[in-house]
2 protein chains.
Amino acid sequence: MPQENSAAKVLHHLKQDILTGLFAAGHKLKMNALKERYQVGVNPLREALSQLVVMQLVQVQDQRGYRVCPVTQSELVDIYDTRAHIESLCVGLAIERGDEVWEAGIVAAAYRLQSNAGLLQADGDLQAWEQLHQQFHYAIVKGCGSEELLRVRLDLYEKASRYRNLWLRHNAGHGAFDVNQMEHEQLVTAVLARDLEAAKKLISKHILVPSQVLQGLL
Amino acid sequence: MPQENSAAKVLHHLKQDILTGLFAAGHKLKMNALKERYQVGVNPLREALSQLVVMQLVQVQDQRGYRVCPVTQSELVDIYDTRAHIESLCVGLAIERGDEVWEAGIVAAAYRLQSNAGLLQADGDLQAWEQLHQQFHYAIVKGCGSEELLRVRLDLYEKASRYRNLWLRHNAGHGAFDVNQMEHEQLVTAVLARDLEAAKKLISKHILVPSQVLQGLL
DNA sequence: AGGTATTAAAATATCGACATTAGTCTCAAA
DNA sequence: TTTGAGACTAATGTCGATATTTTAATACCT
């Protein structure tokens, strides 16, 4: 029975708790509180926290413990700009290299996303929708075939999560997702038509629009 | 006196020891041996190792300890291809955004690299040259102005280090660096002339050539 | 006898408790 | 208001107990 060690378990939970905003930006992560919450000793905790430091989700001050990385407007802009460039790169390579299985995967993911648009209602499950949304975009970029590039992309996606959750909550039930939905359709059309320039422009815009909305919120 | 904790110290040393190849790919990292070598307890060690896992330099198998990540031909190709794309992206943005201070920095770094070409002799200090080489390329890309993009670039650079050291040792004293030197001159010219297309082609090739040499060695 | 399965023993990883050390806060005195 | 001493809080590291894996040895079967 593969029982992963406690450091791995606490890493997973703690990461979620930070990304979803349960531990707010700048929040001091006290050992005793975390020990209590996750029911582990200090050593697995320190291991997990060390890893989150490398992921740039947590800061460490020597001899003064850990705290959640602050969110700033400049970081927001930087992350989203970089994501736009990287995602655009992935889409471009995917269009060059993708095969029929890749195309089918896109169609399937787009269909699932479309079918569950109801999750975007005011009382819907935004996290569930975001899951499908993520899978849709992943279906497109995985055609690039580069593990390293996809890993870089995932790192940035996760680092953007705290900001994205703000955007999701802000838009919930305001019909602001309609534009988003339309962009997805256009993207699928451009990608399947292997229209490189159009697809790159669309994906870049698709990422930068939420960034501009968020800049007004911070 | 800013005395960083022992986990940070051992992280730095251990990372170097892996990147320089002192601990070979696939090597089992036994706690007792590391404890002895770095003169620390197991906990700081586990912290450092956890971080190296996130950096993808070591692997962890539950209850079976840590070992240095293996090197593979496919990873080599993937890392260098991805580096070529990312570096090209950085150079492109730098050309668009760079100012005069940026230009001056490039000229200065190029001059220092040129002046110390003697380090490439068979009996030279290759690590010292690589330091200058790295600084030269950094002088160019830092003009892109994106912290996130530069961080991604640095991650890939470090991940490529183990392969690069092979290349450096292979080329030492064989005059194979002459082409490399010429590429640097051409790159500086293209960048300062703000010739986007030429610069992107040059930097991409500059990264991919060592990759092709290395593919023959593995 | 050769090879495989079983069991015992050594080695190793993991985790929590405790002691040490550093940082912070309070309060009084200058 | 500033400064310094002491108490308190929190982070860090070492040690030891426990659980798991790996190695070795022995017994068993073909």
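Predicted, not measured: the structure shown is a model, and the values here were computed from it. Any value given below was found using the heavy atoms of this structure, including those in side chains, with hydrogens, waters and symmetry copies removed.
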Next on the checklist: Output the rounded distance in Å from CG (L45(B)) to P (dG13(D)).
Outcome noted: 11 Å
Checklist entry - Taking 4.0 angstrom as the limit, do D155(B) and K159(B) come out as a salt bridge? => result no
Item to check | Nearest-angstrom distance from the residue atom CD of E4(A) to C1' of dA19(D) | outcome: 17 Å
Checklist entry - Between K30(B) and dA11(C), is there a side-chain N or O to OP1/OP2 distance below 4.0 Å? => result no
Next on the checklist: Can you identify which nucleotide, out of dT12(D), dC15(C), dA10(D), has its nearest atom closest to the N32(A) side chain?
Outcome noted: dA10(D)
Next on the checklist: Just the rounded figure in Å: distance from C1' of dT14(D) to CD of E47(B).
Outcome noted: 13 Å
Checklist entry - Under a 4.0 Å N-O cut-off, is there an ion pair linking R153(B) with E87(B)? => result yes
Next on the checklist: Nearest to the D62(B) side chain among dG16(C), dT14(C), dG13(D), which nucleotide is it?
Outcome noted: dT14(C)
Checklist entry - What nucleotide among dC15(C), dT20(D), dT12(C) has an atom nearest to a side-chain atom of Q63(B)? => result dT20(D)
Item to check | Aromatic ring pairing H137(B)/H133(B), orientation class (parallel under 30°, perpendicular over 60°, tilted between) | outcome: perpendicular
Checklist entry - Which listed nucleotide (dA11(D), dG16(C), dG13(D)) is nearest to the side chain of S6(B)? => result dG13(D)
Next on the checklist: Under 4.0 Å from OP1 or OP2 of dT20(D): is there any side-chain N or O of R64(B) that close?
Outcome noted: no
Item to check | Distance, rounded to the nearest Å, where R67(A) contributes CZ and dG23(C) contributes C1' | outcome: 13 Å
Next on the checklist: I need the OH-P distance between Y66(B) and dA11(C), as an integer number of Å.
Outcome noted: 22 Å
Checklist entry - In terms of side-chain geometry, is the basic nitrogen of E158(B) or K15(B) positioned less than 4.0 Å from the acidic oxygen of its partner? => result yes
Next on the checklist: Taking the cut-offs as 6.0 angstrom to the six-membered ring centre and 45 degrees off its axis, would you call R164(B) and Y157(B) a cation-pi pair?
Outcome noted: yes
Checklist entry - How close or far is atom C1' of dA10(D) from atom NZ of K28(A), stated in whole angstroms? => result 7 Å
Checklist outcome for this item: 5'-most contact on DNA chain C (nearest-nucleotide basis), L29(B) vs P44(A), goes to L29(B)
Checklist entry - So, is R46(B) near the phosphate of dA13(C), with a side-chain N or O under 4.0 Å from OP1 or OP2? => result no
Checklist entry - CE of M31(B) versus P of dT22(D): gap in Å, rounded? => result 15 Å
Next on the checklist: What's the closest nucleotide to the side chain of N5(A) if the choices are dA13(C), dC15(C), dT12(D)?
Outcome noted: dC15(C)
Checklist entry - In whole angstroms, how far is the P atom of dT12(D) from the CG atom of L34(A)? => result 13 Å
Next on the checklist: Please classify the nucleic acid contact of K35(B) as base, sugar-phosphate, or nothing, using heavy-atom distances under 4.0 Å.
Outcome noted: nothing
